[in-house]
Amino acid sequence: MLSPSQPPSLRFGQVVIGPPGSGKTTYCRGMQEFLSHLGRKVVVVNMDPANEGLPYPCAVDISELVTLDDVMEGLKLGPNGGLLYCMEYLEANLDWLETKLEEHSDCYFLFDCPGQVELYTHQNSVKNIFAQLAKWNFRLTAVHLVDSHYCADPAKFISVLCTSLSTMLHVELPHVNVLSKMDLIEQYGKLAFNLDFYTDVMDLTYLLDHLAADPFFRKFLKLNEKLAGVIQDYGLVSFVPLNVQDRESMTQVLRTVDKANGYCFGNLEERNLQAMMSAAVGADFQFTSYPLLTACSIKNHQAL
């Protein structure tokens with residue numbers, strides 16, 4: 001642990017949040033490999049005590065401290081209550097987390113967080129953990145993943161907008177909302193408007209008119225008008241589309257995240273990105289296309 005007179009070095013990273021099934025773990029796996037190919041030394045921190053069978057190499061795993069199954073069995077809690085307890089337990093044992101993170105002080109961090117929505121809308125444990133990370137000199141961006149299939153249902157999309165806004169206000173970090181699984185969006189039916197309408201969150205009165213055509217939602221018109229008004233009055237919510245298999249899409253998300261937390265590309269990283277993009281015009285990014293770079297190979301590459 002660092003002495004009070006020794007300030008911690010500046011560290012950058014992403015806290016990956018979002019509802020269950022939005023693709024957080026897949027995103028962490030894809031982003032880890034993508035960043036490794038750019039020459040950025042990256043580690044993943046699993047913050048989800050219910051996350052089993054991780055598909056990526058995990059540098060720090062909360063299951064070494066507490067697991068959801070043990071909490072549910074020992075305290076006779078359900079999955080939601082158990083997950084809340086796990087986050088409160090982690091908050092009470094931040095010295096354990098600090099010690100683990102100090103072993104990777106020269107890395108870029110991806111925090112794979114739990115999917116329970118209330119953790120990011122009104123419960124304070126995760127917010128307090130993020131605040132403590134900031135005190136340890138972490139510069140983090142909250143990457144909030146939302147499944148793009150919600151765009152196909154106007155009512156669900158309004159709900160997603162409310163959840164995204166509430167999360168942005170509660171978490172209090174630089175924030176990037178991401179529409180995940182864009183490669184699957186056509187499977188859920190034709191969108192009522194073009195994609196820019198959803199990513200830029202344009203005039204929601206058009207969406208309300210679309211809802212009013214449905215007899216069920218017509219009786220909730222005034223409620224939906226008020227919700228849309230709150231969203232538009234804040235003017236904070238927008239989305240970046242993401243197909244985790246596509247290099248250009250991953251690059252767009254990464255540049256948005258880096259701009260949000262102040263990370264600047266190094267010369268080596270920029271050259272690697274240009275080489276990767278020029279070698280894959282029209283091609284999709286596949287996880288297995290390149291071997292993962294080890295820490296040793298990254299250092300050797302940087303020394304060239």
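All values derive from a computational prediction rather than experimental measurement.
The shortest distance between side-chain heavy atoms of L207 and F197 falls below 4.5 Å. Counting heavy atoms from C-beta outward, L140 and F111 have side chains that approach closer than 4.5 Å. By the 4.5 Å heavy-atom criterion applied to side chains, H144 and V176 are not counted as neighbours. Counting only heavy atoms from C-beta outward, the side chains of P55 and T25 approach each other to under 4.5 Å. Annotation: side chain of V171 is not in contact with side chain of V15 (no heavy-atom distance under 4.5 Å). Looking at heavy atoms from C-beta onward, H149 lies out of side-chain contact with L184 at the 4.5 angstrom threshold. The closest side-chain heavy-atom distance from S249 to M182 is not below 4.5 Å. Annotation: side chain of L90 is in contact with side chain of M47 (closest heavy-atom distance under 4.5 Å).
Atom CD of E103 sits about 9.0 Å away from atom CG of L101, to the nearest 0.5 Å. Taking CG of N128 as the start and CG of L94 as the end, the distance is 8.5 Å to the nearest 0.5 Å. Going from atom CG of L145 over to atom CG of N177 covers 9.5 Å, rounded to the nearest 0.5 Å.
A single hydrophobic cluster is not seen to contain both L242 and Y150; linkage of ILVMFWY side chains at heavy-atom distances under 4.5 Å, directly or through other members, places them apart. M202 and L211 fall within a single hydrophobic cluster, where Ile, Leu, Val, Met, Phe, Trp and Tyr side chains are chained together by heavy-atom contacts under 4.5 Å. Hydrophobic clustering places V178 together with V44 (ILVMFWY residues linked when any side-chain heavy atoms are closer than 4.5 Å, directly or through intermediates). Transitive grouping of hydrophobic side chains (ILVMFWY, heavy atoms separated by less than 4.5 Å) brings L133 and I62 into a common cluster.
For E118, the CD atom sits in a packed shell: over 12 heavy atoms of surrounding residues, nucleotides or ligands are nearer than 6.0 Å. Within 6.0 Å of the NE2 atom in H210, the count of heavy atoms belonging to other residues, nucleotides or ligands does not exceed 12. Within 6.0 Å of OH in Y206 there are 12 or fewer heavy atoms belonging to other residues, nucleotides or ligands. Other residues, nucleotides and ligands contribute over 12 non-hydrogen atoms within 6.0 Å of the CD atom of E64.
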Evaluation steps, side chain to side chain contact (heavy atoms under 4.5 Å, CB included), between D48 and L83: CA-CA 8 Å; D48 186 353; L83 192 53; 4.2 Å; yes

Test salt bridge (charged side-chain N to carboxylate O under 4.0 Å, His left out) applied to K24 and D112, step by step: CA-CA 7 Å; K24 296 184 296 298; D112 188 0; 6.0 Å; no

Trace of the side chain to side chain contact (heavy atoms under 4.5 Å, CB included) decision for L110 with Y56: CA-CA 11 Å; L110 297 173; Y56 49 71; over 6 Å; no

Derivation and outcome, side chain to side chain contact (heavy atoms under 4.5 Å, CB included), residues F109 and R11: CA-CA 8 Å; F109 291 81; R11 292 172 284 182; 3.8 Å; yes

T141/Y263 under side chain to side chain contact (heavy atoms under 4.5 Å, CB included): CA gap, chis, key distance, verdict: CA-CA 10 Å; T141 296; Y263 185 95; over 6 Å; no

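Although no hydrogens or angles enter the test, the distance criterion places a donor-acceptor pair under 3.5 Å between the side chain of D203 and the main chain of T205. Remark: side-chain polar atoms of S180 are paired, donor with acceptor, to backbone N or O of S22 under 3.5 angstrom. Checking side-chain atoms of S148 against main-chain N and O of K181 turns up a donor-acceptor pair under 3.5 Å. A donor-acceptor pair under 3.5 Å is formed between the side chain of H170 and the backbone N or O of Q123.
For the residue pair D69 / T67, no side-chain donor-acceptor distance below 3.5 Å is found, with atom types taken as modelled.
Applying the side-chain hydrogen bond (donor to acceptor under 3.5 Å, both in side chains) criterion to Y85, with sequence neighbours excluded, gives no partner residue.
Taking the six-membered ring where tryptophan is involved, the planes of F157 and Y198 are perpendicular, since the angle between them exceeds 60° and thus also 30°.
Screening residues 217-238 for ring-ring contact (aromatic ring centres under 6.0 Å, His included), with sequence neighbours left out, gives F216-F220.
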N/O donor-acceptor pairs under 3.5 Å from side chains in residues 160-168, not counting sequence neighbours:
residue, atom, partner, partner atom, Å
T163, OG1, S159, O, 3.0
S164, OG, V160, O, 2.9
T167, OG1, T163, O, 2.8

